[in-house]
Amino acid sequence: MEKAKTNYFSATRVAVIAVFSTLAGVLYAFGFPIAAAFPSWLELNFSDIPALIGTFALGPVSGGIIVFVKILIKLIIKGTSTAFVGELADLLIGMAFVVPSGLIYKKKRTFKGALVAMSVGALCSTAMSILANWLVLVPFYRQLFFHGSWAPLVGPMQVLFGEKCTEATFYNFYLWASVLPFNLMRCLIAVAVTLPVYKHVSRLINKIGDKLSPPKPVEEEQGETRAVNREVIITAVVCAVAVALLIGGVLLRYFLTKN
């Protein structure tokens with residue numbers, strides 16, 4: 001048990017996390033609106049797909065790391081237009097999807113278990129998106145960007161739902177007719193792509209891991225404890241430096257483009 005914990009962040013795992021994080025970050029940066037069905041600020045992206053596949057292949061902790069790093073990568077590519085509040089909400093929404101899914105699938109690694117895991121994750125993520133928009137995003141946007149005015153938010157909603165959408169009924173239309181179906185659609189797309197491919201990806205990762213770290217005789221393992229500990233320390237330092245560089249890049253880009 002102790003050895004499993006020590007070897008969690010192996011070279012293979014770190015490399016695979018980096019690949020999935022990069023792919024998810026690029027997909028996250030290039031989201032697009034579906035103007036005919038949803039308000040323009042709800043942008044669809046496919047970053048949940050590599051995050052979910054990575055979670056099933058590597059576990060919920062790795063999935064959470066992928067979601068966190070993808071946010072940082074997106075911020076470096078595009079910056080923020082919401083003073084980081086939108087990205088924080090997306091971080092919570094993404095975590096609410098992959099972590100419950102990963103925890104359930106870790107206990108029941110079957111096709112049925114995968115279906116249950118992704119269903120629970122989708123429900124958690126959708127619920128988190130509703131709470132985030134209701135309690136954080138809409139009040140923040142309205143006060144900071146629109147000086148408390150409802151018009152910039154109600155106007156686009158009236159294009160979709162007509163004059164029935166007013167200041168008094170905004171949340172009824174926005175949360176239940178926009179945020180709810182949009183996020184269910186986002187999660188269903190990720191589930192539809194992940195379900196048929198995650199087993200193949202997991203097998204590939206295991207094969208790569210076996211090639212990079214072939215099994216060793218028991219007598220050799222005892223003599224390599226210090227070497228393993230050094231490898232873990234080096235890996236942790238590299239990860240910390242990488243995260244520090246990503247955060248530094250995000251802050252640098254923010255301050256350089258602030259005005």
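All values below were derived from every heavy atom in this structure, side-chain atoms included, with hydrogens, water molecules and symmetry-related copies excluded. Quantities reported herein were computed from a predicted structural model and do not represent experimental measurements. Nothing fancy with the numbering, it's 1 onward along the sequence.
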Closest non-hydrogen atom pair, M157 against P39: SD-CG, 3.8 Å
Do L88 and V136 come within less than 4.5 Å of each other through their side chains, counting heavy atoms only? no
Mind running side chain to side chain contact (heavy atoms under 4.5 Å, CB included) on W176 and I130 for me, showing each step along the way? CA-CA 8 Å; W176 309 116; I130 292 173; 3.6 Å; yes
Rounded to the nearest 0.5 Å, what's the gap from CG on N133 to CG on L42? Could you check? 6.5 Å
Decide whether L135 and L91 are clustered together by the hydrophobic rule: side chain heavy atoms of Ile, Leu, Val, Met, Phe, Trp, Tyr closer than 4.5 Å, transitively. yes
Do I17 and I66 make a side-chain contact, defined as non-hydrogen atoms from C-beta onward lying under 4.5 Å apart? yes
Considering all heavy atoms of both residues, which atom of F20 and which atom of P50 are nearest to each other, and what is their separation? CD2-O, 3.5 Å
Identify the two heavy atoms, one from V154 and one from C165, that lie closest to each other, and give their separation to 0.1 Å. CG1-O, 3.5 Å
Are there over 12 heavy-atom neighbours, none belonging to F30, within less than 6.0 Å of that residue's CZ? no
Side chain to side chain contact (heavy atoms under 4.5 Å, CB included) between T169 and K164, worked out: CA-CA 8 Å; T169 61; K164 291 181 292 184; 5.8 Å; no
From CD (E43) to CD1 (I34), nearest 0.5 Å: 10.5 Å
What about M185 and L123, same hydrophobic cluster or not, with Ile/Leu/Val/Met/Phe/Trp/Tyr joined at side-chain heavy-atom distances under 4.5 Å? no
Would you say V61 ends up clustered with I53 if hydrophobic residues are merged whenever their side chains have heavy atoms under 4.5 Å apart, either directly or through other cluster members? yes
Check whether any side-chain heavy atom of I73 sits under 4.5 Å from a side-chain heavy atom of Y28, and report yes or no. no
Close side-chain approach of Y141 and P152, heavy atoms under 4.5 Å: no
F161 side chain reached by S178 side chain, heavy atoms, under 4.5 Å: yes
So, the side chain of R142 versus the backbone of G148: is there a donor-acceptor pair under 3.5 Å, distance only? yes
Any link between V14 and L23 through a network of hydrophobic side chains (Ile, Leu, Val, Met, Phe, Trp, Tyr) touching at under 4.5 Å? yes
According to the interplanar angle, ranging from 0 to 90°, do the rings of F56 and Y105 count as parallel (below 30°), tilted (30 to 60°) or perpendicular (above 60°)? parallel
With the 4.5 Å side-chain cut-off for hydrophobic clustering, are M95 and I93 part of the same group? no
Hey, can you tell me if F46 and F32 have their rings parallel, tilted or perpendicular (30° and 60° cut-offs)? tilted
Supply the atom-to-atom distance L52 CG to I189 CD1, rounded to the nearest 0.5 angstrom. 13.0 Å
If every non-hydrogen atom of S81 is compared with every non-hydrogen atom of F145, which pair is closest and at what distance? O-CZ, 3.1 Å
Around K108, counting heavy atoms of other residues, nucleotides and ligands shown, do more than 12 lie under 6.0 Å from its NZ? no
For F97, the option from D48, T126, V120 that meets side-chain contact (heavy atoms from CB on, under 4.5 Å): D48
How long is the gap from CG on L188 to CG on N183, to the nearest 0.5 Å? 10.5 Å
Give every residue pair that meets the side-chain hydrogen bond (donor to acceptor under 3.5 Å, both in side chains) criterion with at least one member in residues 32-42, sequence neighbours excluded. W41-Y174
So which atom in K70 and which in S47 form the shortest heavy-atom distance, rounded to 0.1 Å? NZ-OG, 2.8 Å
Could you check whether any side-chain heavy atom of L44 comes within less than 4.5 Å of a side-chain heavy atom of F182, counting everything from C-beta outward? yes
Is a side-chain donor-acceptor pair under 3.5 Å present for R186 with S125? yes
N45 vs K74, test: side chain to side chain contact (heavy atoms under 4.5 Å, CB included). Steps then yes/no. CA-CA 12 Å; N45 66 76; K74 178 265 180 183; over 6 Å; no
Heavy-atom side-chain proximity of L27 to I49 below 4.5 angstrom: no
Could you pull out the closest heavy-atom pair between G113 and I104, with the gap in Å? O-CG2, 4.3 Å
Take L195 and F111 through the test side chain to side chain contact (heavy atoms under 4.5 Å, CB included) and record every step on the way to the result. CA-CA 8 Å; L195 201 57; F111 183 82; 3.8 Å; yes
Answer yes or no: is there a donor N or O on one side and an acceptor on the other, between the side chain of S101 and the main chain of A117, under 3.5 Å? yes
